[in-house]
Q: 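I have a structure I would like to understand better, so I am pasting it below and will then ask my questions one at a time.
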Amino acid sequence: VIDFCWANINGILKAFNKCDAGQYLQWCYEYLINEKVEIFNLIQVKIYLCATHLLKNTIDKYNKLIGNIVYSTCYAKSKC
């Protein structure tokens, strides 16, 4: 489990998968959209992002830029 720090994500991808974030996202796209199941075996370590934390980080970023989102109406609905 890691936070949403791109340095950590890139470090894990480079150390374990020998790729960068762009290549990893391309592999994910090929696996999910083009249904190339053989790609799943290329990826030794999979990165899973928690939807609740992703939503919280998105709300925080939005609030810094624009504001006006209340956690009780948005964040509470996304609990895992």
Side-chain angles (χ1 to χ4, degrees):
V1 175
I2 61 172
D3 62 6
F4 284 84
C5 174
W6 275 108
N8 290 343
I9 292 171
N10 274 322
I12 288 170
L13 290 173
K14 287 184 185 217
F16 294 104
N17 293 335
K18 309 288 190 269
C19 70
D20 61 13
Q23 180 62 54
Y24 182 79
L25 291 173
Q26 183 64 38
W27 285 342
C28 291
Y29 178 85
E30 294 295 332
Y31 175 69
L32 295 170
I33 304 302
N34 296 331
E35 299 178 2
K36 293 186 177 180
V37 293
E38 66 275 5
I39 289 183
F40 189 80
N41 295 326
L42 286 175
I43 307 171
Q44 292 180 334
V45 173
K46 280 79 172 168
I47 304 290
Y48 295 97
L49 301 176
C50 170
T52 300
H53 286 98
L54 179 62
L55 180 59
K56 181 198 174 296
N57 287 348
T58 303
I59 291 169
D60 287 345
K61 180 71 91 173
Y62 181 87
N63 278 334
K64 282 183 185 177
L65 295 173
I66 299 168
N68 300 330
I69 289 185
V70 179
Y71 279 107
S72 62
T73 61
C74 200
Y75 183 64
K77 294 178 184 177
S78 68
K79 299 274 182 181
C80 298

Q: If two hydrophobic side chains count as joined below 4.5 Å and joins carry through other members, does Leu32 share a cluster with Leu25?
A: no

Q: Return yes when atom CD of Glu38 has more than 12 non-hydrogen atoms of other residues, nucleotides or ligands closer than 6.0 Å, and no otherwise.
A: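 Buried by this count: over 12 neighbours within 6.0 Å.
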
Q: Quick one: pull up CD1 in Ile39 and CD in Gln26 and give me the separation to the nearest 0.5 Å.
A: 8.0 Å

Q: Is there a donor-acceptor contact under 3.5 Å from the side chain of Lys36 to the main chain of Trp27?
A: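 Here the side-chain-to-backbone pair does not exist.
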
Q: Using the rule that Ile, Leu, Val, Met, Phe, Trp and Tyr join whenever any side-chain heavy atoms are under 4.5 Å apart, tell me whether Trp6 and Ile47 fall into a single cluster.
A: yes

Q: Any idea which heavy atoms bring Gln44 and Asn17 closest together, and the distance?
A: N-OD1, 3.0 Å

Q: Report the distance from atom CD1 of Ile12 to atom SG of Cys19, rounding to the nearest 0.5 Å.
A: 11.5 Å

Q: Using only atom types and a distance under 3.5 Å, with no angle test, would you say the side chain of Asp20 pairs donor to acceptor with the backbone of Gly22?
A: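 Side chain of Asp20 to backbone of Gly22: a pair is present.
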
Q: Surrounding NZ of Lys61 (heavy atoms of other residues, nucleotides or ligands, distance under 6.0 Å), is the total greater than 12?
A: no

Q: Minimum heavy-atom separation for Ala21 to Leu13, with atom names?
A: CA-CD1, 3.7 Å

Q: Hey, what do you get for CD1 (Ile43) to SG (Cys28), rounding to the nearest 0.5 Å?
A: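 Going from the CD1 atom of Ile43 to the SG atom of Cys28 covers 4.5 Å.
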
Q: State, to 0.1 Å, how close Tyr24 and Val45 come at their nearest heavy-atom pair, and which atoms those are.
A: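 Looking at all heavy atoms of both residues, the closest pair is CE1-O, 4.0 Å.
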
